[in-house]
Amino acid sequence: MEHIYSDYFNLTETITELKRDILGVVLHDDAENYTAKAYITWLKKRIDQDELEKGWASVYVDQTTCYWFHPTHYTEWHCGDKFANTHYIGIERCQSKINGVLNDNEFMKIEEVSFWLAAAILKKYHLPVNRTTVRIHKEFYNTACPARSWLIHLQNGLDTLESINKLKDYFIFKISQYYSDISKKDIEILG
Ligand SMILES: [Zn+2]
């Protein structure tokens, strides 16, 4: 896994203020074909065109790369919801477009990396793995996100609280498998 950090990790200037408190992570499906590395130029363009308000997350992940766009303890514009943006860390799972460049098995390999990453981030912030700390975008905003995993793991199930919890419980199960093995060294490389 290659970890790439944006200039925001060297600059004193950040896009946003510190988060009020860190309560957990939100797993997103980007609904695009872009790799994590492709987001480097994609986000630069967003900065150049003064369009950051359209949204961004702390970290973009695919099977080989983590692109850390902005330090995780700062507010993000990833949920379209003020409380979520100021309290949760966004993990953008790349190349999740339905009928896109990846088949389900390939996308599930990216999901696997995102579960490791979620475990590491939760451990870094001394948070447990449960329904309060592991969240999905849908809980905060009227969106299909995470649409790819909704299709794969729920067979496009009904948009109900029961479905949300079913998907979250799957994420929680997967993240828990990594949690205890996360080392200090793993945590040091997180953005
Ligand atoms: Zn999302």
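Atoms within a ligand are numbered from 1 in the order they appear, just like the ligands themselves. Note: hydrogens, waters and symmetry copies are ignored here, and every other heavy atom, side chains too, is used. For reference, positions follow the sequence shown, starting with 1.
For Q95, there are no side-chain hydrogen bond (donor to acceptor under 3.5 Å, both in side chains) partners two or more places apart in sequence or in a different chain.
Between T16 and E76 the shortest side-chain heavy-atom distance does not fall below 4.5 Å. Residues W150 and S163 are in side-chain contact: their nearest non-hydrogen atoms beyond the backbone lie under 4.5 Å apart.
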Begin with the C-alpha distance, continue with both residues' side-chain angles, and end with the deciding distance and a verdict on side chain to side chain donor-acceptor pair (under 3.5 Å) for Y125 and T72.
-> CA-CA 10 Å; Y125 289 104; T72 50; 2.7 Å; yes

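A salt bridge (charged side-chain N to carboxylate O under 4.0 Å, His left out) with D29 is found for exactly one of R93, K138, R148, namely R93.
Ring geometry for F140 against Y88 counts as tilted: the plane angle lies between 30° and 60°, on a 0 to 90° scale.
Distances under 2.8 Å from the Zn ion (ligand 1) pick out the protein N/O/S atoms H28 ND1, H137 ND1, C145 SG.
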